[in-house]
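Notes follow the structure.
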Amino acid sequence: MTIWSFCVVAVLALVQLYAAEANLGINYGRLGNDLPRPKEVAELVQSIGVKHIKIFDYDKEIIRAFDHTDINLIVCVPNQEIIGLARSAKAARTFVHNHIDKRVKAAAKITYIVVGNEILSGIPEIWPALVPAMWQIHSALVHYELDEKIKISTPHSMGVLAASYPPSAGVFGDNIKTSIMEPMLNFLKLTGSTFMMNIYPYFPFRDDPVNISPAYALFLNNTGVDDPNTGLHYSNLFDAMYDASVFAMKNLGYHDIPVMVTETGWPSKGDASEAPATLEYARTYNNNLLKHLKSKAGSPARPGKQIEAFIFALFNENEKPGLLSERNFGLFYPNKTKVYDFSF
Ligand SMILES: *[C@@H]1O[C@H](CO)[C@@H](O)[C@H](O)[C@H]1NC(C)=O
Ligand SMILES: *[C@@H]1O[C@H](CO)[C@@H](O)[C@H](O)[C@H]1NC(C)=O
């Protein structure tokens with residue numbers, strides 16, 4: 001073996017190592033009054049071999065809890081701070097200096113800053129500020145030479161799609177398509193970032209149990225469905241929802257922006273109106289999801305391209321409002337006992 005071919009092999013092996021490791025994470029929500037201390041949480045996450053955590057703010061104590069671990073973090077700019085950052089380059093630079101650059105210098109492994117959460121599913125007064133805020137923060141990252149290491153994006157709900165079935169019909173809503181999605185996709189492309197979707201097969205299944213079978217929603221053996229326009233075969237609802245976003249981007253001329261599933265999961269308990277919110281279904285969904293992701297099969301529209309996904313959520317969160325299911329998406333009880341068995 002020549003030195004050059006050795007180098008090529010070594011580089012490929014490294015690339016594979018990172019590629020193999022890149023992608024299974026958990027959302028660490030903190031809307032509970034009985035959750036463990038951040039340091040204990042970092043130990044718990046390490047104990048199950050998870051290397052990616054997403055949080056919903058940029059709390060210093062939380063970020064620091066993961067210093068000196070091998071865990072990568074996605075941090076979030078809360079919705080109410082977006083307009084201020086969009087308006088002022090100085091504000092963006094101050095934010096990056098105080099909350100990102102200092103943390104990275106101290107040891108934090110921050111991989112993404114997400115700007116708000118599901119902004120386009122509500123809060124229209126923030127919409128025009130969203131992409132400008134992404135650019136401002138990007139410019140600040142460039143200033144601190146962090147733009148190669150840290151990317152910027154924003155998670156969307158399925159609500160941004162006006163159609164998602166069959167997947168090839170996936171298209172963004174008319175009210176956001178050209179005004180926001182086009183400039184956003186342009187931003188993601190120019191900065192080498194990722195499109196982010198929160199994908200919950202649980203909701204369409206709960207709302208339409210007549211047309212959607214449990215096996216299709218839970219990655220079990222079933223006949224699946226064919227997309228009549230593309231001939232692609234879908235054996236599970238997760239892939240179909242994922243590809244709807246791939247086709248919505250394609251529809252605007254963006255063919256190769258990566259898609260990350262920033263949230264997915266299944267509640268283990270629910271109100272009487274939420275029949276599929278059961279321990280058995282939650283266990284089945286999350287374990288089969290992990291198997292599917294680890295298989296590196298990709299989705300039918302992007303075969304072989306391993307899907308990156310973050311399960312929602314680490315803990316049951318007793319202060320979340322809404323239906324009972326909202327407080328029961330956790331993989332763990334607050335006392336750090338697993339709600340059901342699962343394996344990363
Ligand atoms: C899936 O179902 C088909 C048709 O019923 C059957 O032939 C096949 O053995 C099943 N596969 C598994 C893994 O259960
Ligand atoms: C943890 O909490 C759950 C739910 O309240 C309970 O069922 C379980 O027994 C607790 N485990 C321990 C070790 O206390």
Side-chain angles (χ1 to χ4, degrees), residues 24-57 59 61-76 117-118 198-207 209 214 217-220 238 261-294 309-344:
L24 304 182
I26 306 180
N27 283 275
Y28 173 15
R30 304 200 312 281
L31 296 177
N33 60 15
D34 52 358
L35 300 179
R37 289 178 307 118
K39 272 282 174 205
E40 289 176 62
V41 174
E43 281 164 24
L44 181 67
V45 171
Q46 284 181 289
S47 75
I48 54 171
V50 167
K51 305 237 182 322
H52 299 267
I53 284 290
K54 178 170 161 286
I55 63 177
F56 291 88
D57 53 25
D59 186 285
E61 192 198 351
I62 304 296
I63 294 175
R64 290 189 61 179
F66 292 91
D67 283 359
H68 312 295
T69 69
D70 56 356
I71 295 167
N72 299 297
L73 294 177
I74 296 181
V75 303
C76 178
N117 191 35
E118 301 190 352
N198 295 341
I199 294 179
Y200 289 94
Y202 166 74
F203 292 111
F205 175 58
R206 180 196 67 187
D207 297 340
L218 297 169
F219 303 91
L220 298 169
F238 176 88
V261 179
T262 30
E263 290 182 25
T264 187
W266 198 287
S268 60
K269 205 186 214 183
D271 287 324
S273 62
E274 309 177 277
T278 68
L279 196 76
E280 199 42 50
Y281 277 9
R283 184 211 324 263
T284 306
Y285 178 81
N286 280 326
N287 280 295
N288 286 346
L289 169 81
L290 289 171
K291 250 188 250 167
H292 179 55
L293 299 174
K294 285 189 272 193
F310 283 70
I311 290 182
F312 188 91
L314 192 52
F315 297 108
N316 284 345
E317 295 168 69
N318 66 4
E319 293 183 320
K320 288 200 79 173
L323 296 170
L324 183 59
S325 61
E326 289 293 326
R327 294 176 287 289
N328 288 282
F329 271 88
L331 295 172
F332 289 97
Y333 294 113
N335 64 14
K336 300 189 280 182
T337 303
K338 284 181 173 179
V339 176
Y340 43 83
D341 201 32
F342 60 85
S343 165
F344 276 78

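All ligand and atom numbering here is 1-based and tracks the order in the structure. Quantities reported herein were computed from a predicted structural model and do not represent experimental measurements.
A cation-pi arrangement is absent between Lys336 and Tyr333 under the rule of less than 6.0 angstrom and at most 45 degrees off the ring axis.
Closer than 4.0 Å to atom 11 (N) of ligand 2 lies at least one heavy atom of the protein. Distances from atom 2 (O) of ligand 2 to the protein include at least one heavy-atom value under 4.0 Å.
For the salt bridge (Lys or Arg N to Asp or Glu O under 4.0 Å) condition, the pairs that include at least one residue of residues 323-332, sequence neighbours left out, are Lys320-Glu326.
For Asn328 (side chain) and Pro267 (main-chain N/O), no donor-acceptor pair under 3.5 Å exists by modelled atom type. A donor-acceptor distance shorter than 3.5 angstrom exists from the side chain of Asp59 to the backbone of Glu61, with no hydrogens or angles considered.
Remark: minimum distance from atom 13 (C) of ligand 2 to any protein heavy atom is reached at Thr337 OG1, 3.6 Å. Ranking protein heavy atoms by distance to atom 7 (O) of ligand 2, first place goes to Tyr333 CE1, 4.5 Å.
Checking only distances, Asn335 does come within under 3.5 Å of ligand 2, N or O to N or O.
With sequence neighbours excluded, the residues satisfying ring pair (Phe, Tyr, Trp, His ring centres under 6.0 Å) with Tyr285 are Phe219, Trp266.
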